[in-house]
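Proteins come first, then strands; the chains are lettered A, B, ... in the order of their sequence lines, and each starts at number 1.
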Amino acid sequence: MENYLSVLNPEQRQAVLHWGNPLLILAGAGSGKTRVITTKIAYLVQERGVDPRSILAVTFTNKAAREMAERAQVIDGRAADAMIRTFHSFGAWFLRRNGSLLGLDSNFVIYDDDDTVILLASLMPEKPRSEAAKAAHLIARAKDYFLSPEDPELDLIDHRPQFRKLYSQYEAKLRSIGNVDFGDLIKKPVEILRTFPEVKKRFQERFQVILVDEYQDSNVAQFELLKELFTPETYLCVVGDDDQSIYRFRGAEVRNILEFPERFAGTDIIRLERNYRSTAPILAVAGTVVDNNRGRLGKKLQAERGDGKPPTLVFLPDQETEASFCAELIQKSMQKQGGSYVDWAILYRTNAQSLTFETEFLRRHIPYKVVGSLKFYEREEVKDALALLSFMVNPRDEIAFKRVVNKPSRGLGEASVEKILQESARGTALQRGNLVAASQSVLPELSKKAQAGLKTFLSLLEQGTKLLNPEQPRPLANILSSNRLSAGDGLSVLIVYLIEASGLAEYHATEDEIAGTQRLSNLQELANAASLYPATAEGLAEFLEHIELDRSMESGEDSSDAVTLITVHNTKGLEFRKVIITGLEQGVFPRADKEDEDLEEERRLFYVGVTRAMDELYLTTCAMRRMYGRTNMNQPSRFLLEVPLESVKTLGTVPRTFVQRQPLGVASAARSASIAGNRDRVSCTSSDGRWQLGSALFHDDYGYGQVVGISEGPEGPLIEARFETGKQVRFLSKYQSERFMRIDRDGL
DNA sequence: CCCGTCGTTATTTTT
DNA sequence: TAACGACGGG
């Protein structure tokens, strides 16, 4: 025991050893949070004699869940029996066992956001699809907030009565199909726990210990779930960082963590404030900026690594220059100091911003990888294959049926499909909703062409089902050995069979000469992923659930040396030696129209970005940016105004407005006051009032330039100026009128 | 049923 | 700007 506890610092150890009252661990970025939580699990099992089966640890990402399970098991193998899952995977597990109490079949398929939109679109056929997408978003939010169609508070999501009605219709439709959406995976378990006290008791007794990771990202429904599982005897421990709450737009409720102590009486709070990742000046930037948020529990990160290279603030004219600046910075740094491309990450607020960097990096042959834009499971061909599989699991799945029944074209028009749907709604109670049964009974009424097509489709499914039965010999070996795709073990046989026999392989291969290859390889990849599952009905259901709940698609840890291009959101939990946060402009980051709570969230996002950096941090801002085909002149991000200038270096042309606006914020006002009596430090205005950072000047030999640094020396203010020629000089302020002429020209 | 053209519309996205 | 969906002609 000593050995694994001895690697912890005092606060970490305190957090691990804590027992009894509810515990809130405020874990700052890079403070060893995962180590604490995994050690705690192992400690509970090993030292407190807690039965691992009575431990429930929930996370938000599968990656985090996997990591937690692995690391806890390394310390104590018995941790393997603890239930370590994502919130949603826990909900799915719960619903498969108890969903029947709400009339839910245990073979439900989980609809993703896309399916949800399609379903809603079918409920509002006269409205454009964008309307359905909006409604889907609102319904998802409603579920995040644990609101049902009849809840009065639903008005807070959308007050229009037609929304309430639509939500209600949507729920009815989902129920009749027998599937659930993501929100249901949390909301329905809560409903079951509330309605059935004996079930609640069972689960309360089972889970003596509940741990929650990234608690700042939890939503109201998840909080309700915790409340239902919690009893005064439960040991509840949540870990999170209120400053890193960045998913409000998805229903995450910061108040869950801010108000945790009030919600759970007697809560103890432990702060992990020692940061092992970043140097002091980087943390100074992060801390000073996030300090401008009002709603926070307060935390001060301590840099265990000590001092380091000051972060650099870079003012650039436009996004192309921004891209080439980044490229050059990386290339020069590697020439000078070595290192590799993987040390570098370029962060931006929106995915669209990656394009300029990609173009520039391609041109210069700088290897890069774009994180998060691929979306494997949203590809058309992948969704098609999954629809076939889903329909086999749940023949009531109307969305899946409509997607593939006539794809590729089998001569089944809209009218024929509509007939089948009508019939399924009518059918006998036993068969109601079953589209296979409805298809069979409607078959004689269809046109010759439609009949033939439908028969083909039905026999495809029938053959597929045979493949799931181990008793049956594997049919149609000829199709499996076709040359396009290759079947491996287990379930991949079924997938390859379905894709080939349905004609989808051919369809996607020939759809587009160039894209066809890619599409086929995506389908192959899907099949490969399935080879780990047995070719049985259970294996199929398991595979589908796994895919719905874990879309990360860890494609073999790209080991190639490349710069990472990534949105700030996607960097959470990651770290890089050198980070460039780009596009720091008003209207871009923070995005326009953000105020109050939304602005605070953008600031937290900035905080997350900054705290990813271990050694070097660069913040770039452009005076001009093309967006949506428009060229905009932007002001530097207000977050840059909040950056402590004394701990950063400045490059490029500082816009006058930037300097003038500097003292506006409360925090920065306090800062300049503290700087005033402090010699040898960079400040915004020289003590004689002659120069400001960004002031324009002219010199007979050097031409036009700008003040980039001001310091106070024994002979008065010392001014540092940079000229258009690239020349940088220092001079004493008292020489102003002689050779360095102050001129009235905008810094741009 | 396929293809071209026009008009619309743009965050962030663990599950 | 660019990408995608809707629509209409061949």
Side-chain angles (χ1 to χ4, degrees), chain A residues 58-67 85-92 110-114 116-117 121 128-134 136-137 140-141 143-144 180-187 213-219 221-222 240 244-252 319 347-356 359 371-373 375 377-378 380 406-411 413-414 507 510-512 545-553 566-574 583 587-594 598 601-602 604-606 608-609 625-632:
Chain A
V58 281
T59 64
F60 282 85
T61 67
N62 292 285
K63 198 172 152 217
R66 274 193 297 271
E67 190 186 350
R85 287 174 178 258
T86 64
F87 260 110
H88 289 87
S89 141
F90 173 74
I110 302 160
Y111 273 166
D112 67 10
D113 295 347
D114 241 29
T116 298
V117 173
R129 211 193 154 79
S130 60
E131 195 79 9
K134 262 184 219 144
H137 178 251
R141 284 303 73 73
K143 291 189 178 186
D144 288 341
V180 299
D181 60 23
F182 279 124
D184 288 337
L185 293 176
I186 311 298
K187 187 163 172 275
D213 190 20
E214 303 277 12
Y215 187 66
Q216 77 281 353
D217 288 335
S218 61
N219 62 34
Q222 286 157 341
Q244 291 189 65
S245 174
I246 54 173
Y247 284 106
R248 183 177 137 86
F249 68 96
R250 288 190 73 153
Q319 59 207 345
L347 278 51
Y348 35 79
R349 177 63 237 268
T350 64
N351 281 309
Q353 287 166 253
S354 76
L355 190 67
T356 324
T359 313
V371 174
S373 62
K375 292 175 189 155
Y377 291 108
E378 285 170 27
E380 183 190 346
N406 193 38
K407 188 172 185 179
S409 175
R410 299 186 179 90
E414 221 175 306
Y507 175 88
T510 52
E511 180 77 342
D512 182 329
E545 173 162 328
H546 177 260
I547 277 177
E548 285 306 331
L549 295 182
D550 184 3
R551 311 197 132 190
S552 55
M553 202 71 192
I566 190 170
T567 62
V568 190
H569 278 93
N570 266 324
T571 63
K572 199 155 78 145
L574 305 178
V588 179
F589 191 2
R591 281 188 63 80
D593 66 30
K594 297 285 182 184
D598 284 333
E601 175 134 325
E602 296 275 312
R604 291 193 289 266
L605 190 57
F606 179 77
V608 167
R625 181 176 295 272
R626 267 191 347 270
M627 271 184 116
Y628 309 143
R630 275 228 144 85
T631 300
N632 295 311

Take the protein atom [atom1] of [X] and the nucleotide atom [atom2] of [N], then report the distance between them rounded to whole Å.
| X | N | atom1 | atom2 | value |
| --- | --- | --- | --- | --- |
| Ile110(A) | dT15(B) | CD1 | C1' | 9 Å |
| His88(A) | dT13(B) | NE2 | P | 17 Å |
| Tyr215(A) | dT14(B) | OH | C1' | 17 Å |
| Glu545(A) | dT15(B) | CD | C1' | 12 Å |
| Gln319(A) | dA2(C) | CD | C1' | 13 Å |
| Gln244(A) | dT13(B) | CD | P | 16 Å |
| Glu67(A) | dT14(B) | CD | C1' | 14 Å |
| Asp114(A) | dT13(B) | CG | C1' | 13 Å |

Check whether any side-chain N or O of [X] sits under 3.5 Å from a backbone N or O of [Y] as a donor-acceptor pair, and report yes or no.
| X | Y | answer |
| --- | --- | --- |
| Glu602(A) | Arg591(A) | yes |
| Asn62(A) | Leu549(A) | yes |
| Tyr348(A) | Ile566(A) | yes |
| Gln222(A) | Phe87(A) | no |

Open item on the list: Here's a test for you: under side-chain contact (heavy atoms from CB on, under 4.5 Å), which of Asp112(A), Ile547(A), Asp114(A) qualifies with Tyr377(A)?
Closed with: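 So the option named by the test is Ile547(A).
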
- [ ] Quickly, which of Val371(A), Leu605(A), Leu347(A) forms a side-chain contact (heavy atoms from CB on, under 4.5 Å) with Thr571(A)? Name it, please.
- [x]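 Considering Val371(A), Leu605(A), Leu347(A), a side-chain contact (heavy atoms from CB on, under 4.5 Å) with Thr571(A) is found only for Leu347(A).
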
Open item on the list: Is the phosphate of dC1(B) approached by Ser409(A) (side-chain N or O, under 4.0 Å from OP1 or OP2)?
Closed with: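 Ser409(A) to dC1(B) OP1/OP2: side-chain N or O found under 4.0 Å.
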
TODO: Indicate whether OP1 or OP2 belonging to dT14(B) is found under 4.0 Å from a side-chain N or O atom of Asn62(A).
DONE: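 No, no such contact exists.
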
Task: Pairwise 5' ranking along DNA chain B for Thr86(A) and Arg410(A), keeping only the more 5' one - done: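 The residue mapped nearer the 5' terminus is Arg410(A).
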
TODO: Find which nucleotide of DNA chain B each of Lys572(A) and Gly411(A) is nearest to by heavy atoms, and output the residue with the more 5' nucleotide.
DONE: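 Its nearest nucleotide lies further toward 5', so the answer is Gly411(A).
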
Where do N or O atoms of nucleotides 3-6 of chain B meet protein N or O atoms at under 3.5 Å, pair by pair?
none

Open item on the list: Against Arg66(A), only a single residue in Thr86(A), Asp550(A), Thr61(A) fulfils side-chain hydrogen bond (donor to acceptor under 3.5 Å, both in side chains); can you say which?
Closed with: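 The passing option is Asp550(A).
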
Task: Ring geometry between His569(A) and Tyr247(A) (parallel below 30°, tilted from 30 to 60°, perpendicular above 60°) - done: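 Rings of Tyr247(A) and His569(A): tilted, 30 to 60°.
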
Nucleotides 7-12 of chain B: which of its N/O atoms have a protein N/O under 3.5 Å away?
unit_1, atom_1, unit_2, atom_2, d
dT11(B), O2, Arg349(A), NH1, 3.4
dT11(B), O2, Arg349(A), NH2, 3.1
dT11(B), O2, Arg591(A), NE, 3.1
dT12(B), OP1, Asn351(A), N, 2.7
dT12(B), OP1, Asn351(A), ND2, 3.4
dT12(B), O4', Arg349(A), NH2, 3.1
dT12(B), N1, Arg349(A), NH2, 3.4
dT12(B), O2, Arg349(A), NH2, 2.3

Task: With Arg250(A) via side chain to side chain donor-acceptor pair (under 3.5 Å) - residues at least two apart - done: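 Here no residue qualifies.
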
